[in-house]
*Asks:* 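Mind having a look at this structure? Questions to follow.
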Amino acid sequence: MNYPTPHIKARPEDFGQTVLMPGDPLRSKYIADHFLDNPVLVNNVRGVQGYTGSYKGVKVSVMASGMGVPSIGIYSYELYNAFGVRNIMRIGSAGAIRADIGLRDIVIAQGASTDSNFAHQYHLDGQFAPIASYEMLRNAVSSCEELGAKFHVGNILTSDNFYTDDDGLPDVMKTNNAWAKMGIMAIEMEAAGLYMTAARCGKNALCLCTISDQLVTGEALSADERQTSFREMMLVALETAVKLEK
Ligand code: HPA
């Protein structure tokens, strides 16, 4: 695939091997300003700000995915195929659907189950199981351990729906309860699209999320608390990026 692409106006050398990917473009700028040394803006098509700088001497990029599987599908496809990016790490937030997963905990998505039809394009005669890169996963786990972060590794749900029409259904039929019975830890909206794109491109992907909403108890983080728990996940992500470079 040639560059520039329809959604990224940059050159391959503008990106590091690893791209950190929050959903929100403003968060991408915040990360560049607060965590990277000498950040340079490398893309701004549609306001999807992409920056490259360094962390502990390693060239690292950060660019937003937008919300949902179609959006992360586009950005990850173009980064992998036109810009030579090897590793994409989503750094997002998620809603916990199990009582034992607390606010501020980090969930590391070993697998990303989904209600999205994204896999339809691959003409598979069955269900594809979207999984994380093992190399990225084990480095993220060791970074969490070193930083003393509370984390859980397992399956999450990538949903196409933020607002689910469960009104009036008995509890046993509510969507979140059904997924929780299968051990799903939390819900977000992008990981499965990223994992499938990485699989098809022969590249690496991982999704880390902090729990911003506890959907069983109804608790949610305040704006301030979102910032501090986000900071811990950022350090995990950056330390992981450094380990991937070795
Ligand atoms: N649903 C989907 N995505 C989310 C949620 C949620 O409840 N919370 C944070 N990201």
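The figures here come from the full heavy-atom set of this structure, side chains too, leaving out hydrogens, waters and symmetry mates. Start at 1 and go down the list; that is how both ligands and their atoms are numbered.
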*Asks:* So which heavy atom in the protein is nearest atom 4 (C) of ligand 1, and how far is it from that ligand atom?
*Replies:* Ile187 O, 3.6 Å

*Asks:* Can you pull out the closest protein heavy atom to atom 6 (C) of ligand 1? Residue, atom name and distance to 0.1 Å, please.
*Replies:*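 Here the closest protein heavy atom is Phe162 CE1, 3.8 Å.
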
*Asks:* Identify the closest protein heavy atom to atom 7 (O) of ligand 1: which residue and atom is it, and at what distance?
*Replies:* Leu215 CD1, 3.5 Å

*Asks:* Under 3.5 Å, is there a donor-acceptor pair linking the side chains of Asp115 and Ser159?
*Replies:*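 Yes - a donor-acceptor pair under 3.5 Å links their side chains.
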
*Asks:* Is Lys59 reaching over with its side chain to a backbone N or O of Thr52, donor-acceptor style, under 3.5 angstrom?
*Replies:*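 Not confirmed, Lys59 side chain does not pair with Thr52 backbone.
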
*Asks:* Which atoms of ligand 1 have any heavy atom of Met189 under 4.0 Å away?
*Replies:* 2 (C), 3 (N)

*Asks:* Looking only at protein heavy atoms, which one is nearest to atom 8 (N) of ligand 1, and what is the separation?
*Replies:*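 Looking at atom 8 (N) of ligand 1, the protein heavy atom closest to it is Asp213 OD2, 2.9 Å.
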
*Asks:* Would a hydrophobic clustering, with Ile, Leu, Val, Met, Phe, Trp and Tyr connected at side-chain separations under 4.5 Å, put Val107 with Leu206?
*Replies:*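 No, it is not one cluster - the side chains of Val107 and Leu206 are not joined through contacts under 4.5 Å.
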
*Asks:* Could you identify the single nearest non-hydrogen protein atom to atom 10 (N) of ligand 1 and state the distance to 0.1 Å?
*Replies:*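 Looking at atom 10 (N) of ligand 1, the protein heavy atom closest to it is Ser93 O, 3.4 Å.
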
*Asks:* Determine, using heavy atoms of Ser159 and all atoms of ligand 1, whether some pair is separated by less than 4.0 Å.
*Replies:*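 No heavy atom of Ser159 comes that close to ligand 1.
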
*Asks:* Just to be sure I read this right, does ligand 1 sit under 4.0 Å from the backbone of Ser212, its side chain, both, or neither, counting only heavy atoms?
*Replies:* side chain

*Asks:* Does an N or O anywhere in Glu188 fall below 3.5 Å from an N or O of ligand 1?
*Replies:*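 No: no nitrogen or oxygen of Glu188 is under 3.5 Å from one in ligand 1.
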
*Asks:* Between Phe83 and Tyr3, how do the two ring planes meet: parallel, tilted or perpendicular, split at 30° and 60°?
*Replies:* tilted

*Asks:* Before giving the answer on salt bridge (Lys or Arg N to Asp or Glu O under 4.0 Å), spell out for Glu146 and Lys243 the whole-Å C-alpha distance, their side-chain angles and the decisive distance to 0.1 Å.
*Replies:* CA-CA 12 Å; Glu146 284 159 21; Lys243 290 183 170 82; 3.0 Å; yes

*Asks:* Ring-plane angle category for Phe118 and Tyr122, please: parallel below 30°, perpendicular beyond 60°, tilted otherwise.
*Replies:* perpendicular

*Asks:* Please list the nearest protein heavy atom to atom 5 (C) of ligand 1 with its residue and the distance rounded to 0.1 Å.
*Replies:*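 For atom 5 (C) of ligand 1, the nearest protein heavy atom is Gly95 N, 3.6 Å.
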
*Asks:* Checking Ser143 against Glu239: is there a side-chain donor and acceptor pair closer than 3.5 Å?
*Replies:*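 No - no donor-acceptor pair under 3.5 Å links their side chains.
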
